[in-house]
Amino acid sequence: MAIEDDVLVIGGGLAGMTAALAAAAAGSSVRVVSKAESSLGHASGLLDVLGRIDGELVSDPYRAIARVDTDHPYAMLGTDRVRQAMDWFDGILGDAYTGDSHTNALVPTIAGTVTPTARYPRTMAAGLASDDRSTLLVDIDRMPAVDAPLAAARLEAAGVPFSVRGASITMPGLATDITRSHFARLVDRNETIADEPIRDQLAAAIASVHDGEARIGFPAVLGLEQPAVVIDYLSAALDADVFELPTDPPSVPGERLTRLLEAALDDAGVRMTAGVPIVDVNAADGRVRDVRGTHANTSVPYRADQYILATGGLVGGGVVADRSTVHEPLFGCHVSQPADRADWYADTPAGPHAFPRFGVHTDHEMRPLEADGMPTFVNLRAAGAVIGGADFPAQHAGSGISIATGWHAGRRAAEAIDR
């Protein structure tokens, strides 16, 4: 007997979770099925809408939507829907995130770059590049892949409008090459390390290199459950505004965001099933009838009135390329592409390449379309990176596209249910 719900979302990333929340908010029973745990914990935790177009920084992401290509997901959605989706998502984020509703912020990273973003964790608010106060960046010498002096030098070379320097600290008792998640858990619990609570030890170590700077940046590892408490404690102890800087994966802010969304899904009554890849589709008369997943060599059938495809793009495996073609492997949706494989790539390494834009294209109901412009299935919708037309990393638009398309697909799926 099949497991039945109103809406089945296939894929547990940002787009899939957003779609599930939107469908549940509209009164549907919803299940999310994914082949693995969400990869959102590897993301930076920043939520972009549109940060760059043709390599140029964008100040107002909503005004810049008018400049995207006609096959871009934002062009199909329209500015108003993107804005509505982000406003709705703000209600889910609560006070964990902040950001101007109309203007991108410039957030320094521990790699020494500055990235444009629309929403950022509140723990990073004191560190914006638009703030001209003197800044100290600090790292722990036993934490791999984090180099505050190098980051400070790169920021200075980039011409940030504040004085910045970097320093490394040593904390006795920490294991060699401690991971970020491990350190965040130690700080959360304020565990005793080398006969001293770790928060006291951390404050003392930072104080030893602090030279009166108005603010102090630290890698984003200051707790998984209560980073605001840790930051308030350190700011008071050091008489400076302490803030976090985004890191490369794995990301503690990404893990925090995952926990926040999973809690919201639980509160909304959405059922989450991970570790069950969907491998087969049963369709007839232009509708998806049911799908089958596998778990422990057992076939698991799922049936819903409406389906949402949120399996990711080329990186996530939601779109697959071989030597001759690009295709969507689960439902067989059409993926437009240049006929000549040589045209998948630009002549120079920096691009612009065609392949990051590969994906399905949808109608205004978010239904994937075939080459003739007709929906692949009338009860199938798509959300996130599986949709083509955008270069997520180059445009700093991945989160916004996932949220906006997920929100719209979830709402449309709920509205289309034959009750």
Side-chain angles (χ1 to χ4, degrees), residues 1-40 85 88-89 92 258 260-296 298-312 316 318 328-333 360 362 365-368 375-384 386-387 402-403 405-419:
M1 182 177 293
I3 299 170
E4 297 194 15
D5 296 278
D6 291 335
V7 178
L8 181 70
V9 180
I10 304 171
L14 180 58
M17 287 193 277
T18 302
L21 286 167
S28 300
S29 65
V30 185
R31 183 180 301 273
V32 177
V33 178
S34 59
K35 63 183 179 182
E37 297 293 334
S38 174
S39 62
L40 190 55
W88 171 83
F89 200 74
I92 295 170
T258 301
L260 186 156
L261 293 178
E262 287 177 345
L265 289 164
D266 187 57
D267 289 344
V270 174
R271 289 161 289 280
M272 299 281 290
T273 305
V276 182
I278 300 300
V279 296
D280 190 33
V281 173
N282 174 34
D285 301 323
R287 292 183 66 88
V288 179
R289 300 302 181 182
D290 56 62
V291 300
R292 288 185 175 269
T294 59
H295 179 68
T298 301
S299 178
V300 184
Y302 295 92
R303 181 178 298 121
D305 189 279
Q306 301 291 318
Y307 297 82
I308 297 176
L309 178 67
T311 47
E328 186 281 305
L330 183 55
F331 291 93
C333 301
V360 306
T362 74
E365 296 291 312
M366 304 305 301
R367 297 175 301 187
T376 307
F377 300 108
V378 295
N379 62 336
L380 174 67
R381 287 166 174 77
V386 73
I387 299 176
S402 293
I403 292 167
T405 58
W407 172 78
H408 193 44
R411 292 170 69 244
R412 287 293 180 263
E415 292 169 358
I417 291 170
D418 183 13
R419 300 188 187 279

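Listed for the Gln306 side chain is no donor-acceptor partner under 3.5 Å among the backbone atoms of Ile308. Side-chain N or O atoms of Asn379 include one that pairs as donor or acceptor with a backbone N or O of Val288 at under 3.5 Å. Judged purely by atom type and a 3.5 angstrom limit, Tyr307 uses its side chain to pair as donor or acceptor with the backbone of Arg289. With hydrogens and angles disregarded, a donor-acceptor distance shorter than 3.5 Å links the side chain of Arg287 to the backbone of Asp305.
Side chains of Ser29 and Arg271 form a contact here, defined as non-hydrogen atoms less than 4.5 Å apart. Inter-residue side-chain proximity for Leu265 and Leu21 is flagged as met; some heavy-atom pair is nearer than 4.5 Å. Side-chain contact between Met17 and Ser38: present, with at least one pair of heavy atoms (C-beta onward) separated by less than 4.5 Å. A 4.5 Å side-chain heavy-atom check between Leu380 and Pro368 finds at least one atom pair inside the cut-off.
With sequence neighbours left out, the salt bridge (charged side-chain N to carboxylate O under 4.0 Å, His left out) criterion links Arg292 to no other residue. The salt bridge (charged side-chain N to carboxylate O under 4.0 Å, His left out) check on Arg412 picks up Glu365, Glu415, with sequence neighbours excluded.
In terms of heavy atoms, Thr18 sits closest to Gly406 at CG2-C, 4.0 Å.
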Ignoring hydrogens and angles, write down the donor-acceptor pairs under 3.5 Å from the side chains of residues 273-284, residues two or more places apart or on other chains.
| from | atom 1 | to | atom 2 | distance (Å) |
| --- | --- | --- | --- | --- |
| Thr273 | OG1 | Arg31 | NH1 | 3.4 |
| Asn282 | ND2 | Asp290 | OD2 | 3.3 |

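Residue Glu4 qualifies as enclosed at atom CD: its count of foreign heavy atoms under 6.0 Å is above 12.
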